[in-house]
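Counting starts at 1 for both ligands and their atoms, following the listed order.
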Amino acid sequence: MNLLIMGLPGAGKGTQAAKIVDTFGLKHVSTGDMFRAAMANKTELGLLAKSYIDKGDLVPDEVTNGIVKERLAEGDIKEHGVLLDGYPRTLDQAKALDQAMAELGLSLDGVVNIDVAPESLVERLSGRIIHKETGATFHKLFNPPAGDYNEDDYYQREDDKPETVKRRLDVNIAQGEPILAHYRAKNLVHDIDGNQDINDVFASIVKVLETLK
Ligand code: ADP
Ligand code: AMP
């Protein structure tokens, strides 16, 4: 099964993606995670990506399309299936993905679109914390790590600071609708109410994915 998970920044894509890949055995491919890993390693890609990400802008399509296509070409994707998270983020990326998948002999089975009231997104992003060792995502209030956790083991994403969040939401709102329209025309989109508790969102997703397997 090959899937996309879509939604605005803070909608819960990464949180749900981790649960989906655990349950359905898919490979999680997150362009945001790939860029953050490259930034941490200070590679050429990382330095380039950082100049866009720090401003809340999108990394240029040709760069992003290139790293995704390279990843999709690896053998584990055909064997296990993929859940793409954070990609495509422009209509041109969606068209590039269609072409790359066709060339690689992969087909898209569904698009999980998590819908969340825009006013919730800022509080979700401003409370988001990431476990340094595993990269797992939590929220200071809505999904705190179990027990008495040590704050030093977690970090806040640089681009989750309020000044960058507004720009990210503006950019993603503008780009998102045409992408959804592209997939709605192919009857692939499944809208999920993301304004529920994390486990209830997941239960809604599982119900849809069981019909696609
Ligand atoms: P995205 O990958 O779409 O940017 P995340 O999965 O990182 O979003 O979620 C953003 C923040 O909101 C995280 O801190 C996460 O713990 C929290 N979160 C995710 N889903 C929910 C939910 N259904 N209700 C409340 N908080 C949530
Ligand atoms: P995310 O982790 O998905 O919130 O992505 C973090 C940042 O990485 C975004 O704000 C963009 O700057 C960049 N990024 C991630 N995915 C893409 C993409 N598909 N196209 C362009 N830029 C991206």
Side-chain angles (χ1 to χ4, degrees), residues 4-21 28-40 45-46 48-69 71-72 83-97 100 112-131 135-145 154-161 164-176 179 192-205:
L4 308 183
I5 188 160
M6 290 189 58
L8 291 171
K13 298 181 297 294
T15 301
Q16 297 299 330
K19 294 161 104 49
I20 294 169
V21 298
H28 182 196
V29 174
S30 154
T31 42
D33 285 351
M34 290 162 98
F35 289 136
R36 279 184 291 280
M39 290 194 293
L45 169 70
L48 175 87
K50 186 171 165 48
S51 64
Y52 295 92
I53 291 175
D54 281 356
K55 286 187 277 182
D57 287 331
L58 296 179
V59 176
D61 285 348
E62 57 276 18
V63 176
T64 312
N65 290 335
I67 62 164
V68 172
K69 188 169 180 195
R71 178 67 187 93
L72 291 181
L83 175 64
L84 275 165
D85 164 6
Y87 181 91
R89 263 202 173 81
T90 65
L91 189 56
D92 279 349
Q93 289 182 12
K95 291 177 179 165
L97 176 63
V112 173
N113 178 43
I114 308 185
D115 238 331
V116 172
E119 54 273 22
S120 309
L121 298 173
V122 173
E123 61 179 358
R124 285 199 187 180
L125 294 172
S126 59
R128 171 158 65 185
I129 47 173
I130 319 269
H131 189 231
T137 298
F138 296 88
H139 191 283
K140 285 181 189 169
L141 300 176
F142 306 141
N143 185 27
Y154 297 80
Y155 72 93
Q156 193 189 10
R157 273 170 52 172
E158 207 45 56
D159 60 346
D160 279 346
K161 309 251 157 90
T164 320
V165 162
K166 188 180 176 316
R167 171 77 186 149
R168 286 170 61 209
L169 289 175
D170 287 347
V171 165
N172 283 276
I173 288 168
Q175 302 276 356
I179 305 175
I192 300 291
D193 178 6
N195 304 291
Q196 319 172 70
D197 283 354
I198 291 174
N199 288 330
D200 293 334
V201 175
F202 184 57
S204 306
I205 294 174

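Short contacts between ligand 1 and Gly14, defined as distances under 4.0 Å to a heavy atom of the residue, involve ligand atoms 1 (P), 2 (O), 6 (O). Each of the following atoms of ligand 1 lies closer than 4.0 Å to a heavy atom of Phe142: 25 (C), 26 (N). Residue Thr64 has at least one heavy-atom neighbour below 4.0 Å for each of these atoms of ligand 2: 18 (C), 19 (N), 20 (N), 21 (C). Atoms of ligand 1 found under 4.0 Å from any heavy atom of Phe138, numbered from 1 in the order shown, are 13 (C), 14 (O), 16 (O). Shown in contact with Gln93 at under 4.0 Å from a heavy atom are these atoms of ligand 2, numbered in order with element: 18 (C), 19 (N), 20 (N), 21 (C). Of all atoms in ligand 2, listed by their number and element, those nearer than 4.0 Å to a heavy atom of Arg168 are 4 (O), 10 (O). For ligand 1, the atoms sitting less than 4.0 Å from at least one non-hydrogen atom of Thr137 are 7 (O), 13 (C), numbered in the order shown with element in parentheses. Every atom of ligand 2 is numbered from 1 in the order shown, and the set under 4.0 Å from a heavy atom of Asp57 is 11 (C), 12 (O).
Under 4.0 Å from ligand 1, the heavy atoms of Leu8 that appear belong solely to its backbone. Only the side chain of Arg157 comes within 4.0 Å of ligand 2, counting heavy atoms alone; its backbone N, CA, C and O stay farther away.
Taking all heavy atoms of Asp54, Val59, Thr137 into account, the minimum distance to atom 21 (C) of ligand 2 is reached by Val59. If you check each of Arg167, Lys13, Arg89 against atom 1 (P) of ligand 2, the one with the closest non-hydrogen atom is Arg89. The heavy atom nearest to atom 19 (N) of ligand 2, considering only Gly32, Gly86, Gly7, is found in Gly86.
Assignment of Gly7 to the shell around ligand 1 is not supported, since no heavy atom sits closer than 4.0 Å.
Contact check for Val116 versus Leu121: side-chain heavy atoms found under the 4.5 Å cut-off. Counting heavy atoms from C-beta outward, Gln16 and Val112 have side chains that stay 4.5 Å or more apart. The closest side-chain heavy-atom distance from Ser204 to Asp193 is not below 4.5 Å.
To the nearest 0.5 Å, the span separating CD1 on Ile53 from CZ on Arg168 amounts to 9.0 Å. Note: Ile179 CD1 to Leu91 CG = 7.0 Å, rounded to the nearest 0.5 Å.
Of the candidates Thr64, Ile67, Leu4, Thr64 is the only one forming a side chain to side chain contact (heavy atoms under 4.5 Å, CB included) with Tyr87.
In terms of protein heavy atoms, atom 13 (C) of ligand 2 is closest to Ile53 CG1, 3.7 Å. The single protein non-hydrogen atom nearest to atom 23 (N) of ligand 1 is Gln196 O, 2.8 Å, given as residue, atom name and distance. Closest to atom 23 (C) of ligand 2, if we only count protein heavy atoms, is Phe35 CE1, 3.7 Å. Looking at atom 15 (C) of ligand 1, its nearest protein heavy atom turns out to be Thr15 OG1, 3.7 Å. The protein atom (non-hydrogen) at minimum distance from atom 8 (O) of ligand 1 is Gly12 N, 3.2 Å. Counting only heavy atoms of the protein, atom 4 (O) of ligand 1 lies nearest to Gly10 N, 2.8 Å. The protein heavy-atom contact nearest to atom 11 (C) of ligand 1 is Arg124 O, 3.6 Å.
Residues forming a side chain to side chain contact (heavy atoms under 4.5 Å, CB included) with Glu158 (at least two apart in sequence, or on another chain): Asp54, Lys161.
Salt bridge Asp33/Arg36: present, at least one basic N to carboxylate O contact under 4.0 Å.
Listed here is the closest heavy atom pair of Gln93 and Asp61: NE2-OD1, 3.0 Å. Leu97 approaches Pro88 most closely through the heavy-atom pair CD2-CD, 4.0 Å. Between Val171 and Gly56, the shortest heavy-atom contact is CG2-O, 3.9 Å.
Checked against a 3.5 angstrom limit, the closest N/O atoms of Arg128 and ligand 1 fall inside it. The distance criterion of under 3.5 Å between nitrogen or oxygen atoms is not met by Tyr87 with respect to ligand 2. Between Thr31 and ligand 2, at least one N/O pair is under 3.5 Å apart.
Within a 6.0 Å sphere centred on NZ of Lys50, other residues, nucleotides and ligands contribute 12 heavy atoms or fewer.
Between His131 and Phe138, the ring planes are perpendicular. Angles over 60° get that label, and only those under 30° would be called parallel.
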Problem - Evaluation steps, salt bridge (charged side-chain N to carboxylate O under 4.0 Å, His left out), between Asp159 and Arg167 - result: CA-CA 10 Å; Asp159 60 346; Arg167 171 77 186 149; over 6 Å; no
